[in-house]
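Encoded as structure tokens, the structure appears first; notes follow it.
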Amino acid sequence: EKLRSQKENDAMAARLEEHMRWRALEVQVLEFEESLRAKDGFDDQAIEAQCAEYKATLTAQLEDTLRKERAKKQQQVAATTTIQRAKGQKTANDFAIAFGVGKNKK
């Protein structure tokens, strides 16, 4: 129960962090738009086109970063799970030996 709650908390924290990163991206685009509007020589179409291009670039970068972070996290979880299984198997074997049951009788 405690482990499941911790996993749920970790998942929620990861979702929140990702959400905040997406919001930060939107803020960057809005700030970029404001800076273009403050300059002379840009019409609305040019500003919208540049903002769309900027947002597409930032989105691609963030998606790539998030994909790499998820892959790294999955590798860490897989390694941890493998270690936990090995420990669990060793414990089971130790009990089997101690109680003289299974294949590991002494």
Side-chain angles (χ1 to χ4, degrees):
E1 182 68 29
K2 183 178 180 183
L3 181 60
R4 188 178 78 201
S5 295
Q6 184 61 45
K7 285 182 182 180
E8 290 170 351
N9 288 343
D10 291 346
M12 190 181 317
R15 285 192 308 270
L16 179 60
E17 180 182 342
E18 185 174 326
H19 173 77
M20 295 305 287
R21 290 167 88 172
W22 283 109
R23 286 184 61 167
L25 181 144
E26 292 292 334
V27 169
Q28 282 182 285
V29 173
L30 289 173
E31 288 173 345
F32 179 67
E33 180 181 1
E34 285 179 5
S35 72
L36 292 178
R37 291 195 187 281
K39 296 177 184 176
D40 290 333
F42 289 101
D43 64 0
D44 286 343
Q45 278 187 322
I47 290 172
E48 287 178 21
Q50 287 192 1
C51 287
E53 184 179 332
Y54 184 59
K55 183 176 181 177
T57 300
L58 291 177
T59 298
Q61 290 172 350
L62 181 55
E63 286 173 343
D64 186 51
T65 299
L66 291 172
R67 188 175 20 262
K68 288 176 183 176
E69 288 174 359
R70 286 182 195 126
K72 184 177 178 180
K73 180 69 175 171
Q74 286 176 342
Q75 288 175 344
Q76 290 171 342
V77 167
T80 301
T81 301
T82 301
I83 291 168
Q84 288 172 339
R85 284 186 183 150
K87 286 180 181 177
Q89 185 60 44
K90 181 180 179 334
T91 301
N93 287 342
D94 290 347
F95 275 118
I97 291 168
F99 291 105
V101 296
K103 309 182 235 186
N104 302 318
K105 292 181 186 178
K106 282 201 169 188

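As the structure is a computational prediction, the values presented were derived from the model and not from experiment.
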Who clusters with Met20? Use side-chain heavy atoms, under 4.5 angstrom, across I, L, V, M, F, W and Y, and order the result by chain and number.
Leu16

Val27, Leu58, Leu66 screened by side chain to side chain contact (heavy atoms under 4.5 Å, CB included) with Trp22, the one that passes:
Leu66

Residues that Phe32 engages under ring pair (Phe, Tyr, Trp, His ring centres under 6.0 Å), provided they are two or more places apart:
Tyr54

Pair listing, salt bridge (Lys or Arg N to Asp or Glu O under 4.0 Å) test, anchored in residues 49-60, at least two apart
Glu26-Lys55

Not counting sequence neighbours, which residues clear side-chain hydrogen bond (donor to acceptor under 3.5 Å, both in side chains) with Glu69? List them please.
Arg21

For the student: nearest non-hydrogen atoms of Cys51 and Leu36, plus distance:
SG-CD1, 4.3 Å

Which residues share a side-chain hydrogen bond (donor to acceptor under 3.5 Å, both in side chains) with Asp64, sequence neighbours left out:
Lys68

Phe42 side, atom CZ; Glu48 side, atom CD - distance, nearest 0.5 Å
13.5 Å

Interatomic distance, CZ@Arg15 vs NE2@His19, rounded to 0.5 Å, equals 12.0 Å

Gap separating the CD atom of Gln28 from the CD atom of Glu31, nearest 0.5 angstrom
7.5 Å

Applying side-chain hydrogen bond (donor to acceptor under 3.5 Å, both in side chains), name anything that partners Asp44, two or more places apart in sequence or on another chain.
Arg37

Mind checking the CD-CG spacing from Glu18 to Leu62? Nearest 0.5 Å is all I need.
7.0 Å

